Number of protein chains: 2
Amino acid sequence: MVLQNLTQTENVPSRRRYEDACGTAHALDLIGERWALLVMRELMLGPKRFSDMRADLPGISANVLTQRLEGLERAGILVRRQLPPPASGQVYELTEWGYQAKPVMGALGRWATRSPGHDPSRHLSPVSLMLSFQAMGQPALTKGLDATILFRLGRETYTLRFADGAIDAQRGAAEHPDLVFTGTAPAVAAAVYGGVPLEVLEAEGALKLEGDRALAARFVTLFPLPPKASLPG
Amino acid sequence: MVLQNLTQTENVPSRRRYEDACGTAHALDLIGERWALLVMRELMLGPKRFSDMRADLPGISANVLTQRLEGLERAGILVRRQLPPPASGQVYELTEWGYQAKPVMGALGRWATRSPGHDPSRHLSPVSLMLSFQAMGQPALTKGLDATILFRLGRETYTLRFADGAIDAQRGAAEHPDLVFTGTAPAVAAAVYGGVPLEVLEAEGALKLEGDRALAARFVTLFPLPPKASLPG
DNA sequence: CGGCATCCGGGAAGATACTG
DNA sequence: CAGTATCTTCCCGGATGCCG
């Protein structure tokens with residue numbers, strides 16, 4: 001019994017798709033399934049392997065990750081690529097169109113931080129942290145800042161560059177960073193979004209700083225969270 | 001047996017929530033369920049009744065709509081309001097925070113129209129159409145335009161105003177419109193996004209125009225769709 | 001290890017019918 | 001008009017096992 005597991009091609013009408021001309025509705029047909037947008041998030045700063053994505057998406061199961069990768073590939077949002085030897089294996093990489101969803105995720109995330117239920121002290125993946133800096137950075141505060149900061153977060157390293165008022169995040173290590181943070185993403189988030197003093201995090205061993213400490217002190221003030229929406233009731 | 005139908009309060013950990021500090025993930029906890037974002041879309045231009053929303057969201061079932069409205073109310077995104085007599089009954093209305101999701105939906109919709117699978121000739125609700133104008137309007141094209149256009153779409157009427165390069169959409173009829181379209185939302189979309197000439201739609205009886213026809217001719221050119229993403233494979 | 005196939009239990013979504 | 005009640009379908013999540 002062949003069971004026809006072709007999980008929805010574009011032309012098969014499904015009760016689970018909206019089939020609406022509205023762009024927003026179509027977006028949900030593309031990325032509205034559970035985990036889909038978070039899978040894209042993890043690829044936003046460069047290609048990743050299956051198992052690395054699984055590690056950074058706590059709670060996702062292997063078969064769901066497989067299904068989402070298939071769906072996003074079919075939609076043209078990402079591609080699967082064979083790595084050349086010796087690092088062989090395959091990675092998943094967003095297409096140019098897939099990368100263009102970055103500002104959408106930024107806008108969505110900024111909106112959601114106004115939720116009374118948003119708690120910045122929970123789990124955070126390294127990619128989420130770096131993207132949050134790009135999403136939450138205030139031009140008025142970063143204006144004139146010219147600096148390079150390195151983040152060593154577990155097995156991943158990222159570089160954040162401030163230049164001309166813009167914020168750029170990249171995977172990998174810059175050559176001559178002004179400042180290096182070593183620790184976990186939630187620890188950095190505690191400093192930036194939770195208001196926990198850097199000294200406390202250092203004393204706890206949760207975070208290590210090397211380099212320009214004045215820059216670190218300024219850095220943690222650059223990403224103010226918007227005011228919470230008040231619950232009417 | 002009381003059956004405990006408390007469908008997820010904020011503190012009960014659920015396998016179905018991401019429980020992540022990432023703003024994007026939290027957004028999905030708030031509005032990631034099926035239909036949630038489209039329910040918000042229908043309220044974006046003002047409050048609505050239960051049955052009107054049901055009519056404009058083809059395919060949603062009454063119980064799912066009930067659940068979404070409950071969830072969005074609990075999240076603080078909308079409120080339920082009693083209408084004063086004689087128009088009694090109740091309506092649902094976005095909170096100030098809920099209305100702030102408008103640019104998010106615009107960005108999402110704009111991104112999704114680049115999908116090869118997006119088909120602007122499908123069903124479209126009146127609200128979707130009006131929001132699409134705000135989302136897709138090009139400042140370079142609308143610059144200097146000062147005009148008021150009325151849309152009579154079934155039982156709903158909307159006013160679109162161009163002024164100072166901005167586009168404003170409101171429910172209800174303006175006093176002295178320069179142009180009036182009467183028909184259905186998909187018919188207007190066919191003219192604006194499908195490239196169907198206005199004369200053809202008029203000849204078919206799908207659309208009626210009254211007023212400044214030169215304005216109509218310009219109007220249909222103001223919202224170019226972005227180029228499709230090419231499928232790599 | 002990396003990825004896919006399969007089976008299972010629970011629960012969300014969909015369809016229909018019904019009620020105040 | 002504004003929802004419940006009920007039943008069915010099928011997606012999600014977990015576990016296991018296969019294969020290169």
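No experiment lies behind these values; they were computed from the predicted model shown. By convention in this document, chain letters (A, B, ...) are assigned in the order of the sequence lines, proteins followed by strands, and residues within each chain are numbered from 1.
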Minimum-distance nucleotide (side-chain atoms of [X] versus [options]):
X       : options                : result
B:Ser61 : D:dC12, C:dG14, D:dG3  : C:dG14
B:Arg54 : D:dC12, C:dT16, C:dA13 : C:dT16
A:Glu33 : C:dA13, D:dC12, C:dC4  : D:dC12
B:Arg49 : D:dG3, D:dA2, C:dA13   : D:dA2
A:Arg16 : C:dA12, C:dG3, C:dC4   : C:dA12
B:Ser51 : D:dC1, D:dG3, C:dG3    : D:dC1

What is the distance, rounded to the nearest whole Å, between atom [atom1] of [X] and atom [atom2] of [N]?
X       : N      : atom1 : atom2 : result
B:Leu65 : C:dA13 : CG    : C1'   : 13 Å
B:Gln82 : D:dC1  : CD    : P     : 16 Å
B:Arg34 : C:dG11 : CZ    : C1'   : 16 Å
A:Asp29 : C:dA13 : CG    : P     : 15 Å
B:Leu57 : C:dA13 : CG    : P     : 14 Å
A:Arg80 : C:dG2  : CZ    : P     : 14 Å
B:Asp52 : D:dA2  : CG    : P     : 7 Å
A:Met53 : C:dG3  : CE    : P     : 10 Å

Practice prompt. Kindly write out the residues that satisfy ring pair (Phe, Tyr, Trp, His ring centres under 6.0 Å) with B:Tyr158, not counting sequence neighbours, or none if the list is empty.
Written response: none

Worksheet item: Of all residues at least two apart in sequence or in a different chain, which pass the ring pair (Phe, Tyr, Trp, His ring centres under 6.0 Å) check with B:Tyr92?
Response: none

Worksheet item: With a 4.0 Å cut-off on heavy atoms, is A:Arg68 in touch with a base, just the backbone sugar-phosphate, or nothing at all?
Response: sugar-phosphate

Hey, are the side chains of [X] and [Y] touching, using non-hydrogen atoms and a 4.5 Å cut-off?
X        : Y        : result
A:Arg114 : B:Glu96  : yes
A:Phe181 : A:Arg152 : no
A:Val188 : A:Leu124 : no
B:Leu57  : B:Ser125 : no
B:His26  : B:Leu30  : yes

Does [X] make a side-chain N or O approach to OP1 or OP2 of [N] shorter than 4.0 Å?
X       : N      : value
B:Tyr18 : D:dC12 : no
B:Gln67 : C:dA13 : yes
A:Gln90 : C:dG3  : yes
B:Trp35 : C:dA12 : no

Worksheet item: Residues two or more places apart in sequence or in another chain: which of them pass salt bridge (charged side-chain N to carboxylate O under 4.0 Å, His left out) with B:Glu202?
Response: B:Arg213

Practice prompt. For the helix from C:dC1-D:dG20 to C:dG20-D:dC1, measure the angle between the helix axis at one end and the axis at the other, each built from five pairs, rounding to 10°.
Written response: 30°

Discussion item. Does the protein touch nucleotides 15-20 of chain D at the base, only the backbone, or not at all? Give it as B, S and - per nucleotide, heavy atoms under 4.0 Å.
Written reply: B-----

Worksheet item: Considering all heavy atoms of both residues, which atom of B:Arg68 and which atom of B:Trp35 are nearest to each other, and what is their separation?
Response: CG-CB, 4.3 Å

Let me have the donor-acceptor pairs involving side chains of residues 45-55 of chain B, under 3.5 Å, with sequence neighbours excluded, atom names and distances please.
from: B:Lys48; atom 1: NZ; to: B:Glu42; atom 2: OE1; distance (Å): 2.8
from: B:Lys48; atom 1: NZ; to: B:Asp56; atom 2: OD2; distance (Å): 2.6
from: B:Arg49; atom 1: NH2; to: B:Ala87; atom 2: O; distance (Å): 3.4

